[in-house]
Amino acid sequence: MGGLQLNRREALAWSLAGIGAAALPGLALAQDAAPADAAIDDIVARFMAAFETPGIAVAVIRPGRPAYLKGYGVRTLGKPAPVGIHTRFGIASNSKSFTAAALAMLVEEGKVAWDKPVKDYLPEFRMHDPRVTEMLTVRDLLVHNSGLALGAGDLMQFPASDRPPSDALKALPFLAAERGFRSGYAYDNILYVVAGILIERLSGKPWHAFVSERLLRPIGMADAVPAARFLNTDDVAGRHARLGPPVRGMGPIEVIEPREGIMTDAAGGINASVSDVAKWLQLQLAGGKLPDGRALWSPAQQAEMWKPQTIVAWGDGPSDSWPARGVTQTYALGWFIQDYRGERLVHHSGGLSGQVTQTAMLPAHQAAVVVLSNSEDSISSGIRNALLDQIVGAPAFDWVAAVRARVKAEQDAALAELGSGGVDKAPAGGPSLPLSAYAGRFRDPWYGDIVVSPRGKGLHIDFLPSPGFKSMLEPWGPDTFRTRFPKGVGEDATVTFAVADGKVTGVTMKPLSPLADFSYDFQHLAFAPVR
């Protein structure tokens with residue numbers, strides 16, 4: 001599962017011992033001796049049992065009541081260490097709101113303007129279309145309307161590599177648009193990477209230093225770090241995924257390793273506890289004002305960050321099977337904005353390999369919910385909805401059954417797409433050339449090089465920019481092969497060689513699994529031989 005986005009497994013739910021709380025500055029919390037909230041505990045327990053989830057951390061903030069903070073289950077399957085309110089999770093794309101807030105602070109300092117072109121501040125910035133280069137503004141970096149395809153360029157980030165953020169700037173001119181500029185929504189991470197570079201250019205500090213000094217520390221997010229490489233504790237949530245059979249997203253839950261590199265920072269690098277994220281949402285609800293009265297940004301900038309910019313989806317609204325469905329869903333600056341049971345909902349999600357997290361606010365109620373999960377399953381969004389329903393006093397609804405039904409529908413569709421052969425029976429056809437003719441070095445202009453080489457009686461592929469992607473190639477139809485990457489590293493791909501006059505003229509790819517997270521954007525690659 002790639003990364004920092006509203007991924008397919010999150011979108012599925014979105015279209016058990018308690019650990020006591022410690023005091024946080026300015027936020028009234030449930031203390032160790034406080035009675036449990038039976039309704040919240042019951043919601044979490046039912047989801048964890050239904051989806052075999054190892055661990056969850058939850059925060060519920062309501063006015064006039066102590067915030068409820070609690071950890072459930074274990075950090076890592078098979079180990080006794082419990083999830084607590086200081087256990088760190090990778091909050092992934094929930095980090096995008098921090099990047100937006102950092103830019104809002106720089107706007108207030110007069111160092112940048114939302115609606116000035118990015119190239120005015122980053123002269124080297126280029127998009128594939130020179131006209132878009134001239135027009136794309138600082139605001140456009142954050143709202144997923146650039147025309148880039150869904151997840152464009154994400155393969156530079158997942159699995160982990162040592163590629164620096166500057167590689168994103170070099171790649172952008174080679175990522176062709178899928179639609180017109182500002183003509184529609186497609187989630188991306190790469191322009192948030194550019195936003196991080198812009199923050200460094202304007203402030204003189206790397207994104208991770210700026211966010212630490214100007215946000216995490218003043219807010220009192222004592223457990224939080226801007227990226228996993230800065231963690232210095234073992235109180236960290238593990239990663240868990242279903243790795244098959246037949247494909248990732250199905251099968252038993254297993255422990256996996258983290259798979260993020262330094263390029264992910266501004267798009268989704270923050271690691272934080274549920275206690276930390278509760279403080280972040282409290283600050284948002286307060287319009288940028290800390291409990292001691294200091295303002296990190298003005299109410300005007302808060303309104304700017306919550307102002308819808310891009311239409312994400314629209315429809316008929318609630319249905320019997322999904323009563324939380326909004327009439328309209330939009331994207332603002334680092335936040336999704338939609339209607340939820342007649343209320344304005346400000347929210348985001350985050351997905352990393354082995355973890356999915358949710359943040360949500362109901363501003364009219366001055367209420368918020370945080371759900372951090374150490375599993376790739378869709379459990380966090382279901383818990384989020386159940387807790388929001390509790391806040392607004394919605395009629396009882398079985399969210400466990402609703403999420404189960406959506407999971408089953410998606411898995412059934414994936415199995416139908418795979419066909420009777422699944423991922424273990426090769427399609428008809430095979431190589432049209434001797435295997436040695438497929439060997440060579442091939443280059444994609446935004447991603448980099450792969451090397452295909454003879455090994456034993458077959459072929460081996462090495463994705464040079466992605467150290468985890470090395471595999472033997474297995475014949476998989478006419479002039480096509482499939483990878484079998486090490487378990488848990490990432491999604492497998494089909495590799496198709498274009499052949500003309502007995503020679504390979506190019507290589508294209510696509511994800512093998514219909515359930516593959518869109519951050520494994522193999523379909524955007526087009527390799528040419530390096531002669």
Side-chain angles (χ1 to χ4, degrees), residues 1-3 7-14 16-17 43-58 71-84 87-92 158-159 228 235-260 274 349-358 371-384 386 399-412 414-415 422-423 468 484-492 512-517 519-520:
M1 184 169 167
N7 56 70
R8 290 180 183 173
R9 294 180 193 113
E10 293 172 72
L12 176 63
W14 178 60
L16 290 166
I43 288 168
V44 176
R46 285 189 293 110
F47 268 96
M48 291 183 71
F51 290 89
E52 306 170 303
T53 308
I56 292 284
V58 164
Y72 303 82
V74 295
R75 299 175 207 161
T76 304
L77 198 63
K79 297 182 179 180
V83 171
T87 300
R88 283 73 163 178
F89 291 74
I91 67 169
F158 312 102
D235 193 357
V236 177
R239 306 288 187 91
H240 303 85
R242 300 181 188 274
L243 303 179
V247 294
R248 188 165 181 156
M250 304 175 73
I253 287 182
E254 302 180 50
V255 179
I256 63 172
E257 295 298 318
R259 296 287 176 187
E260 299 86 50
V274 73
S349 60
L352 295 172
S353 294
Q355 293 186 1
V356 178
T357 56
Q358 298 280 344
V371 184
L372 310 179
S373 166
N374 63 3
S375 166
E376 281 183 13
D377 286 341
S378 299
I379 179 173
S380 61
S381 51
I383 294 173
R384 184 206 74 171
W399 283 107
V400 172
V403 173
R404 271 179 162 166
R406 288 205 167 191
V407 169
K408 184 178 187 304
E410 186 177 69
Q411 291 181 348
D412 288 349
L415 292 173
V423 293
R484 288 193 184 270
F485 295 132
K487 195 170 187 179
V489 168
E491 296 285 356
D492 279 300
L512 179 72
S513 169
L515 290 178
D517 187 274
S519 280
Y520 295 104

Fill in: Basic-acidic side-chain contact under 4.0 Å: Glu257, Lys487
no
Discussion item. Quick check: do Arg259 and Val489 have side-chain heavy atoms less than 4.5 Å from each other?
Written reply: yes
Worksheet item: Hey, which of Glu52, Glu376, Glu254 is the one that makes salt bridge (charged side-chain N to carboxylate O under 4.0 Å, His left out) with Arg242?
Response: Glu52
Discussion item. Closer than 3.5 angstrom, by distance alone: can the side chain of Asp492 be matched with the main-chain N or O of Phe485 as a donor-acceptor pair?
Written reply: yes
Practice prompt. Kindly indicate whether the side chain of Val58, heavy atoms from C-beta on, has any atom under 4.5 Å from the side chain of Val44.
Written response: yes
Practice prompt. Would you name the heavy atoms of Arg75 and Asp235 that are closest together and state the gap between them?
Written response: NE-OD1, 3.1 Å
Worksheet entry | Contact summary for Glu260 and Ser353, nearest pair of heavy atoms | OE2-N, 4.0 Å
Discussion item. Using side-chain heavy atoms (C-beta onward) and a distance below 4.5 Å, is Phe51 in contact with Val403?
Written reply: yes
Discussion item. So Asp377 and Val356, do their side chains get closer than 4.5 Å, heavy atoms only?
Written reply: no
Item to complete: Tell me, with the steps shown, if Asp517 and Arg248 meet salt bridge (Lys or Arg N to Asp or Glu O under 4.0 Å).
Response: CA-CA 9 Å; Asp517 187 274; Arg248 188 165 181 156; over 6 Å; no
Fill in: Interatomic distance, Gln358 atom CD to Ser378 atom OG [nearest 0.5 angstrom]
9.0 Å
Worksheet item: What's the shortest heavy-atom distance between Ile379 and Ser373, and which atoms?
Response: CG2-OG, 3.6 Å
Practice prompt. Compare every heavy atom of Thr76 with every heavy atom of Gly238, then report the nearest pair and how far apart it is.
Written response: CA-OG1, 3.6 Å
Practice prompt. May I ask you to test the Ile56-Met48 pair for a side-chain heavy-atom distance under 4.5 Å?
Written response: yes
Discussion item. How close do Ser375 and Pro54 get, counting heavy atoms only, and between which atoms?
Written reply: CB-CD, 4.3 Å
Discussion item. Is there a side-chain contact between Val74 and Lys79 in this structure, where contact means two heavy atoms from C-beta onward sitting under 4.5 Å apart?
Written reply: no
Item to complete: Ignoring hydrogens and angles, tell me if any N or O in the side chain of Gln411 forms a donor-acceptor pair with the backbone of Gly249 under 3.5 Å.
Response: yes
Worksheet entry | Exam field: side chain His240 to backbone Ile256, donor-acceptor pair closer than 3.5 Å | no
Worksheet entry | Spacing of OG1 belonging to Thr53 relative to CG belonging to Asn374, to within rounding of 0.5 Å | 7.5 Å
Practice prompt. Decide if atom CZ of Arg404 counts as having more than 12 heavy atoms of other residues, nucleotides or ligands within a radius under 6.0 Å.
Written response: no
Worksheet, complete the sentence: Distance col, row Arg88:CZ vs Leu372:CG, nearest 0.5 angstrom, shows 12.5 Å
Fill in: CH2 on Trp399 to OG on Ser381, rounded to 0.5 Å
9.0 Å
Worksheet item: Heavy atoms, side chains only, cut-off 4.5 Å: are Thr87 and Val236 in contact?
Response: no
Discussion item. Quick one, Pro246 and Leu415 - any side-chain contact, counting heavy atoms below 4.5 Å?
Written reply: yes
Discussion item. Give me the atom names and distance for the closest heavy-atom approach of Gly55 to Val83.
Written reply: CA-CG2, 3.9 Å
